[in-house]
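What follows is a set of notes on a single structure, which appears directly below.
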There are 2 protein chains.
Amino acid sequence: MEKLTERQREALEFVARMIEERGYPPSVRELCEEMGISSTRGALRHLEALERKGYISRASGARALRLEERERYSKAYLPILGEVPAGPLRYVFEEAEEWISVPANWGKEGRFILRVRGDSMIGDHIQEGDLVVVDPQLSGNQGEIVVALVGEEATVKRLYRKGNEAELRASNPAYPPIPLKEGGEEVRLLGRVVALLREKVI
Amino acid sequence: MEKLTERQREALEFVARMIEERGYPPSVRELCEEMGISSTRGALRHLEALERKGYISRASGARALRLEERERYSKAYLPILGEVPAGPLRYVFEEAEEWISVPANWGKEGRFILRVRGDSMIGDHIQEGDLVVVDPQLSGNQGEIVVALVGEEATVKRLYRKGNEAELRASNPAYPPIPLKEGGEEVRLLGRVVALLREKVI
DNA sequence: TTGACAGGTAAACATTTGTTTACTATTATA
DNA sequence: TATAATAGTAAACAAATGTTTACCTGTCAA
């Protein structure tokens, strides 16, 4: 895809923002005002360039603009992480293969989704295959359901504290608690489970 | 939500389709042509009605139409029914007060969402407050989790058949099975539970 | 140095588009 | 039956909008 100049990118972002937030595209004169251009000719040139380079398509008529590469990101989309995020959480999103739409108010900055493996949290009615929405947090409160990286594996557990000590407890008694910040394996808290999706109820 | 007349619904569907497929809203005259109306006044009346009833919002300017939030991405929005649908399921949608976005592939025609009350399906890890997505069906297969109207109350249960007889079973042994099509209360099948949302994991 | 290109100003123009006025017919409803 | 709401026709009008012409200013690579 042919590269855009800085001004052209500004124009594209404005068009995309208006469609996303307002629901319909801007007029040429609205684009003028946004970009501080006094003549419609200047703004029209940007639209022509965007069309020529394949970023938008235009038809005759008012506001007849359409984004070609539909990058209308919705805040209600979250990534499903196939691999457990090993590096900094910042790069999680670029590696995500699958995205899923969720109720709009679930979609906060930085959140992601993990698929639950195993039945260690069956006591809290979180079963194998469920998708849990994770809100990234470096620490957790007493009793919260969290996602932690134990060794190289992500696991969903409840967090319990006792003085300076803390541990992760399954709600299935078949699994032993995992001590936090103790001599054992390295444990890193990824975040808190805030919601859940079950794709197939059988 | 106030009901639409048939013509108003036609108009709304055209507006939504143009935004969805073409990327920007239709002009009044395009709406005229679509609906076979010779005067712009006639089409404008429909838009005014849609705005008054809260289905769209309008601003000054060409094609300045926007679908209200619940109408956007219509395929991925489902209504949460506060009251149990007593009448024909067809009218369920116009009475719904609350709508929620769901993963796009969950949003099939006619589906709706019910909030689970009680713990009768706790054995299947469906707990109080969970939102179940219901696919309307008049009959169900052996062992499926269904929603049925027992008397005036909607209930989530598993459907079991034995020859000509059938019954609804809770997965919590504390609840007795409910016979279907027997001398007891009238039971009507609303549909099958296909997915689940848990808004708050505590 | 020159030419291509992005970016811009200014003004006029053509068209689309929304809005309004006035009047008629149909349908649902109290 | 009376009344309101809905639906429509026709025509004119005002505003918004896209398009075009003509000319200017930089930047950058051949």
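Below, chains carry the letters A, B, ... as their sequence lines are ordered, and counting in each starts from 1. Side chains are part of it too, since the values below use all heavy atoms of this structure and drop only hydrogens, waters and symmetry mates.
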*Just jot down the side chain to side chain contact (heavy atoms under 4.5 Å, CB included) partners of A:Arg192, sequence neighbours excluded, or say none.*
A:Gln137, A:Glu144, A:Val194
*Interatomic distance where CG belongs to B:Leu31 and P belongs to C:dT19 [whole Å]*: 13 Å
*Figure out the CZ/P separation between B:Arg52 and D:dA4, and round it to whole Å.*
15 Å
*Return the set of residues passing side chain to side chain contact (heavy atoms under 4.5 Å, CB included) with B:Thr40 (not counting sequence neighbours), or none when no residue passes.*
B:Val28, B:Arg29, B:Cys32
*For B:Gln8 and D:dA5, give me the distance from atom CD to atom C1', rounded to whole Å.*
10 Å
*Find the distance A:Ile37:CD1 to D:dT25:C1' and express it as a whole number of Å.*
15 Å
*asked:* Would you say that more than 12 heavy atoms from the other residues, nucleotides or ligands in this model lie under 6.0 Å from the CD of B:Glu48, or not?
replied: yes
*asked:* My understanding is that only residues two or more places apart in sequence, or in another chain, count here; which of them pass side chain to side chain contact (heavy atoms under 4.5 Å, CB included) with B:Ser57?
replied: B:Arg66, B:Glu68
*Roughly, in whole Å, what's the span from CG in B:Leu4 to C1' in D:dA5?*
14 Å
_What's A:Arg45 touching, base or sugar-phosphate or nothing? Going by heavy atoms closer than 4.0 Å._
base
What does the list of N/O pairs under 3.5 Å between the protein and nucleotides 3-5 of chain C look like, with a distance for each?
none

*Could you note down all residue pairs passing ring pair (Phe, Tyr, Trp, His ring centres under 6.0 Å) where residues 19-40 of chain B supplies at least one of them, sequence neighbours left out?*
none
*Would you mind listing every ring pair (Phe, Tyr, Trp, His ring centres under 6.0 Å) that reaches into residues 138-180 of chain B, with sequence neighbours excluded?*
none
*How long is the line joining CZ of A:Arg7 and C1' of D:dG26, in whole Å?*
14 Å
*Of all residues at least two apart in sequence or in a different chain, which pass the side chain to side chain contact (heavy atoms under 4.5 Å, CB included) check with A:Glu34?*
A:Phe14, A:Arg17
*Rounded to whole angstrom units, what separation is found between the CE atom of B:Met35 and the P atom of D:dT9?*
11 Å
*Residues forming a ring pair (Phe, Tyr, Trp, His ring centres under 6.0 Å) with A:His46, sequence neighbours excluded*: none
_Side-chain N or O of A:His46 versus OP1/OP2 of C:dG7: is the shortest distance under 4.0 Å?_
yes
_With a 6.0 Å cut-off (strictly less than), is the heavy-atom count around CD of A:Glu51, excluding the residue itself, greater than 12?_
yes
*asked:* Using modelled atom types and a 3.5 Å cut-off, is there a donor and acceptor pairing between side-chain atoms of B:Gln142 and backbone atoms of B:Arg161?
replied: yes
_Atom pair OG1/CG of A:Thr5 and A:Leu12 - distance to nearest 0.5 Å_ = 10.5 Å
*Can you name the residues that form a salt bridge (charged side-chain N to carboxylate O under 4.0 Å, His left out) with B:Glu10, not counting sequence neighbours?*
B:Arg7
*Rounded (10°) bend between the five-pair end axes of the helix from C:dT1-D:dA30 to C:dA30-D:dT1*: 40°
Shorter than 3.5 Å, N or O on both sides, protein versus nucleotides 10-20 of chain D: list them out with atom names.
residue	atom	partner	partner atom	Å
D:dA10	OP2	B:Ser38	OG	3.3
D:dA10	N7	B:Ser39	OG	2.9
D:dT17	OP1	A:Arg63	NE	3.3
D:dT17	OP1	A:Arg63	NH2	2.0
D:dT17	OP1	B:Ala62	N	3.1
D:dG18	OP1	A:Arg63	N	2.9
D:dG18	OP2	A:Val28	N	2.5
D:dG18	N7	A:Arg29	NH1	2.8
D:dG18	O6	A:Arg29	NH2	2.7
D:dT19	OP2	A:Arg58	NH1	3.2
D:dT19	O4	A:Thr40	OG1	3.0

Write down the protein N/O and nucleotide N/O pairs, taken from nucleotides 24-29 of chain C, whose separation is under 3.5 Å; answer none if there are no such pairs.
none

*Taking atom P of D:dT27 as reference, at what distance in whole Å does atom CD of A:Glu6 sit?*
15 Å
*Taking the side chain as every heavy atom from C-beta outward, state whether A:Glu167 and A:Lys157 have any pair of such atoms under 4.5 Å apart.*
no
*With the threshold set at 4.0 Å, does a side-chain nitrogen-carboxylate oxygen contact exist between A:Asp124 and A:Arg158?*
yes
